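Structure, as structure tokens:
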Amino acid sequence: MRTEDVLAAIATGLWRWDNASGTVTLDGEAARLLGLPAEPVVLPEAAARARFHPVDWNEINGIVNLAVAEGTLAEARLRIMDEDGRVLRTVRSRSKPVENRTADGRVDYELIGTIQEIAEPQPGTTAAHTPITGDWRRSREAFLLDAGRALAEARSTAEVLRVAASLSMPGFSPDGLAVFGMEGDQLSVIGHHGHAPGDEGPFSAMALDTDYPAAEVVRTGRAIYLPTPEDYKRRFPVTWPLARRFDRASWAFLPLIVAGRTLGAWMAAFKHPVTFSPDERSVLTTVARMLAQALQRAGVAESERELTTGLQRSMMPQLGPDIPGMTIAARYVPTGGGLQVGGDWYDVIPLPSGRFALVIGDVQGHDVRAAGLMGQLRIAVRAYASEGHRPDAVLSRASRFLAGLCSAPARDEDPGAGSGPDADADADFGSPRFATCLYVECDPRTGTLEIARAGHPDPVVRMADGTVLMRPTAGGLPLGIVPDTDYPTTRFALEPGETLMLCTDGLIETGGHDLDTGWARLRAILESDAHDRAAPGEGGGDADNHLERLADLLVQAVHGPSSHHTTGPLADRREDDIAVVLLCRESPSCGCGTPAEHPVRPARRTMLTVAQAEPARIAGARRQVRELLHDWADAEQVDSAVLMVSEMVTNVLVHTDGDALLVAEAAGERGVRRLRVEVADASDELPHKRHPGEMASSGRGVLLMEMLADAWGVDPRGEGKSIWFELYERAKPDGDEDREAPGPAD
């Protein structure tokens, strides 16, 4: 009996699908099953395609590609249609893809296989329907979309493994997963789920030539399906004892392939038997491909994070040994995008004089070059400071250093140079950059600060009672713009209990804020921390904890939980790097050291110099006084004080040739405080009362003092004089006991 007769007797036809020629060859039985006359025929591909249901046709390409990748048979369940679009019958196709390589090196495939009719279950029977089309197909597509989205959003290897473990495949879900990688010629376990800790021990560091399914998958790049324990034992008898103790019924081992390179293997184990039909294998293969891409992305992201974190950590200094009477805290957080490297830095430098220097700066840009320039500039500033130079000299030398470092080197004449992306990158790498910087030299014994500023935000002082002032300081251009630039020095004292804050503009202007709104946000945090401290004896007296908590609050206001070098899973509102340094001069009143038995409310004091060439700083003087009296009980007295300060400073600039030195101090308990303001100048000419006309624009200073001040006077001081006035707080806050206001002699 001929083979053709046997196949015809069991309603099985033969077909050959040649992809290169675009023809389909059918024997008589295959032609009959496709609704054609029962005789051998050769059809064009389009004619054969018209006989299949469109939905089933879309499945064929995927099934064939899967069979080619795995080296297995391509099996499909297909519905045959007539010319009117009605389903004639359902057939099952089993074929073998054969690779044919043409003379020009192109690869085509030829399918050789059989077609056999499937008897559909009748209504009312219990015959099972193979879940290949219809709802199962839609469920599979929805599952793959959800799985792809979840894996694409995973940002680390641990997250990828958690997503893979939570996938619920339609109709069959594994209860045990393992992801294997390669380390040299050995197999490694990247992660697993559904197993007890330590179960991965025998499979770690397993040689790739071991008779184990995952090792074979990594070696060959082909999937292995083991529907039953007998299949596992028969194919891998050596490692079967290792798998038997997990009590699984079926296993699938699939390669993790990206860009043609096998990265590892994925094992899916099932407690219930799975036959691994073509559709089930297709789902597993698709998930394996998405898993491989997700693992590669996560690996690249983790490598970049490790690189950038290590780079920034190596460039960020340690705060060094403790400074007697002083406490320091600092934070650095990189920008939220890209490689997360940038040009912000801070440093604490011991000086030969026994003092120490605080430096904070910001190199233009948020890229690798900015980080590199930052490292070089930080070293240069540290070297200049260690030589004993004054703050202005340190910044002048640093400006010359950066200007020379950023000057583009001359290029040799090359006809092929100067074009293309490499040339653009070289030009950008040699383009000039500038940097802002604030340099503070501090004497820990007296609290004296000498500050030089190069285009950087002014420092902020938080007083012992929580009042916050931005201290205006003289400054020059950012470093690197003009090599020979002078940087004036500003001197003031940090009183016991006060905290100095230095920061880069990333802390102020990040999160949609400008300079004004960002400063208002920081001011609220600095002032509220005074009420957030724990009571003495409850841990709040620890200066380190107090300052560290304040640093965390400042950074959290921008983007969430902070860290010294890493960022964690934060809400990225970071458009710029952030660096912040806090310096506290210890005092019992600020929670540092031993609390006083009867604490006295500390005095608030500010000092400001207004130069002849800087009349615009009169507005800063008015703002300083208003901020100093932010909780003064009588708002009219605050307006009077601001008016008198403006008049006194303006008179110095108009009627003398020198600068005006403003010193303001508010002392005493709330409700009965005394404000004393002094404006000193180098002129010996004393003020005198005038009688200005109705239209006169000046000459009312003394009259204002007599009308608004509780006391005022003029004190000669060597070369020059000091004009002063005092105001006594008249109103009392709620809850305070009645007290008499102090007189001028108090």
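Just so it is clear, the structure is predicted and the values come from calculations on it, not from any experiment.
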Checklist entry - Hey, does the Lys NZ or Arg CZ of Arg281 hover above the aromatic six-ring of Tyr225, less than 6.0 Å from the centre and inside 45° of the axis? => result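 So Arg281 does make the cation-pi contact.
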With sequence neighbours left out, write down each residue that passes side-chain contact (heavy atoms from CB on, under 4.5 Å) with [X], or none if nothing qualifies.
X      : result
Ala207 : Asp209, Thr210
Ala243 : Tyr232, Trp240
Gln186 : Ala205
Ala152 : Arg297

Which residues share a side-chain hydrogen bond (donor to acceptor under 3.5 Å, both in side chains) with [X], sequence neighbours left out:
X      : value
Ser21  : Asp18, Thr23
Thr239 : none
Arg16  : Glu110
Asp231 : Thr228, Arg234

Checklist entry - Nearest heavy-atom pair of Ala31 and Val41: which atoms, and what distance? => result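 Closest pair (atom of Ala31, atom of Val41, distance): CB-CG1, 4.1 Å.
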Next on the checklist: For Gly35 versus Arg51, what's the shortest heavy-atom pair and its separation?
Outcome noted: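 Shortest heavy-atom contact: O-NH2, 3.4 Å.
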Next on the checklist: Between Arg235 and Glu230, does the salt bridge (charged side-chain N to carboxylate O under 4.0 Å, His left out) criterion hold? Intermediate values first, please.
Outcome noted: CA-CA 9 Å; Arg235 293 189 58 181; Glu230 289 73 19; over 6 Å; no
Checklist entry - What pairs with Phe203 under ring-ring contact (aromatic ring centres under 6.0 Å, His included), at least two apart in sequence or on another chain? => result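 Residues passing ring-ring contact (aromatic ring centres under 6.0 Å, His included) with Phe203: Tyr212.
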Item to check | Pairs meeting criterion ring-ring contact (aromatic ring centres under 6.0 Å, His included) with involvement of residues 11-30, two or more places apart | outcome: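 Found Trp15-Trp17, Trp17-Trp57.
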Item to check | Any pair counted as salt bridge (Lys or Arg N to Asp or Glu O under 4.0 Å), so long as it reaches residues 239-257, sequence neighbours left out | outcome: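 Pairs touching residues 239-257 that pass the test: Asp175-Arg248, Asp199-Arg245.
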Distance-only check: which donor-acceptor pairs under 3.5 Å involve side-chain atoms of residues 251-264, not counting sequence neighbours?
none

Next on the checklist: My understanding is that only one of Leu295, Val217, Ile190, Val287 makes a side chain to side chain contact (heavy atoms under 4.5 Å, CB included) with Trp266; could you say which?
Outcome noted: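 Going through the options one by one, the only one that passes is Val287.
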Next on the checklist: Are the side chains of Thr12 and Ile115 in contact, using a 4.5 Å heavy-atom criterion?
Outcome noted: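 Side chain of Ile115 against side chain of Thr12, heavy atoms only: no contact under 4.5 Å found.
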